[in-house]
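Numbers here are sequence positions counted from 1.
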Amino acid sequence: MEQPRTWRIGELARATGLTVRTLHHWDHLGLVTPSGRTAAGHRRYEDRDVERLYEVLALRRLGVPLATVGKLLGGTASVDDVLRQHLRLVDEQLVALRRLRAGLGAMVGARPRSTADFLSLIREVVVVDEIVEKHFTAEQLAGLAERREREAGQVAAVEAAWPDLIARVQAAVDAGTDPTGEQGRALAAEWAELLERFHRGDDGLRRSLYAMQAENADTIRREHGGPSAEQIAFIAAASAGPDAPVTGGAS
């Protein structure tokens with residue numbers, strides 16, 4: 001019989017984007033205690049520990065204090081008290097909740113749910129929230145969340161189009177295609193159309209999107225399949241045309 005997967009604390013930190021210090025602290029508080037230890041005393045986390053880790057993280061992202069998290073998960077807090085506190089926190093953080101709704105909705109009711117799903121969701125919450133919150137205002141995020149709810153099909157179509165387009169741009173780069181030629185210009189036109197469908201002519205959204213990409217290109221490429229520097233350079237050259245200099249960014 002195959003042995004269940006376990007994680008050392010450093011492995012779990014890398015898989016989730018949390019720090020070893022945070023995992024140590026939550027263990028010390030009894031919030032996420034590893035199911036096992038080696039003979040040398042090293043922590044070993046199992047599948048159920050990953051699920052517990054997600055529960056703690058979700059409550060913390062709602063603003064629930066660590067002391068209350070422990071009571072809530074331990075079943076020692078008054079349900080009414082918890083509900084009142086959650087209601088207050090939800091009112092304060094409505095924008096954040098609406099932004100997370102789409103991602104969480106994909107998990108609710110999904111079967112089967114694997115440990116990898118929880119690891120991915122934890123990483124998304126930790127990495128994506130920090131990057132996005134730095135570059136987009138609360139008003140921009142609220143507007144995008146409303147659009148996602150109102151135009152779910154159109155948003156999904158745009159998101160699904162990016163991986164295919166990025167792959168075709170990479171194929172053109174690998175083939176040594178002239179970016180200022182007909183094929184390059186056609187790819188640049190598709191690229192510009194997808195960007196337009198995101199920012200819709202809003203200069204603020206456009207600047208926020210470009211700033212996020214410029215400052216977090218490696219993370220976006222590694223974690224979410226975003227474009228590489230050479231792909232962006234190809235599109236920039238194709239967008240500029242044969243007689244203009246490469247700007248280093250898609251337009």
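The shortest distance between side-chain heavy atoms of S239 and W191 does not fall below 4.5 Å. With contacts defined as side-chain heavy-atom distances shorter than 4.5 Å, the pair L195/F198 does not qualify. Side-chain contact between Q170 and E230: present, with at least one pair of heavy atoms (C-beta onward) separated by less than 4.5 Å. A heavy-atom distance below 4.5 Å is not found between the side chains of D49 and W7. Using a 4.5 Å heavy-atom cutoff, the side chains of Q231 and I166 are in contact. Within the 4.5 Å cutoff, no side-chain heavy atoms of V50 are placed close to those of T16. Between L165 and L187 there is a side-chain heavy-atom pair separated by less than 4.5 Å.
Nearest approach of A13 to L23, heavy atoms of both residues: N-CD1, 3.9 Å. When all heavy atoms of S35 and R48 are compared, the closest pair comes out as OG-NE, 2.9 Å. For G184 against A238, the heavy-atom pair with the smallest separation is O-CB, 3.3 Å. The shortest non-hydrogen separation linking P163 to A160 is CD-O, 3.3 Å.
One distance of note links CG of L57 with CG of L18; it measures 6.0 Å at 0.5 Å rounding. With values rounded to the nearest 0.5 angstrom, I9 atom CD1 is found 7.0 Å from D27 atom CG. Taking OG1 of T68 as the start and CG of L73 as the end, the distance is 10.5 Å to the nearest 0.5 Å. The distance from atom CZ of R21 to atom NE2 of H28, rounded to the nearest 0.5 Å, is 13.0 Å. Atom CZ of R44 sits about 11.5 Å away from atom CG of L12, to the nearest 0.5 Å. From F234, atom CZ reaches atom OG1 of T180 across 9.0 Å, with rounding to the nearest 0.5 Å.
Between the R52 side chain and the L31 main chain, a donor and an acceptor come within less than 3.5 Å of each other. Formation of a donor-acceptor pair under 3.5 Å by the R43 side chain with backbone atoms of R37 is not found in this model.
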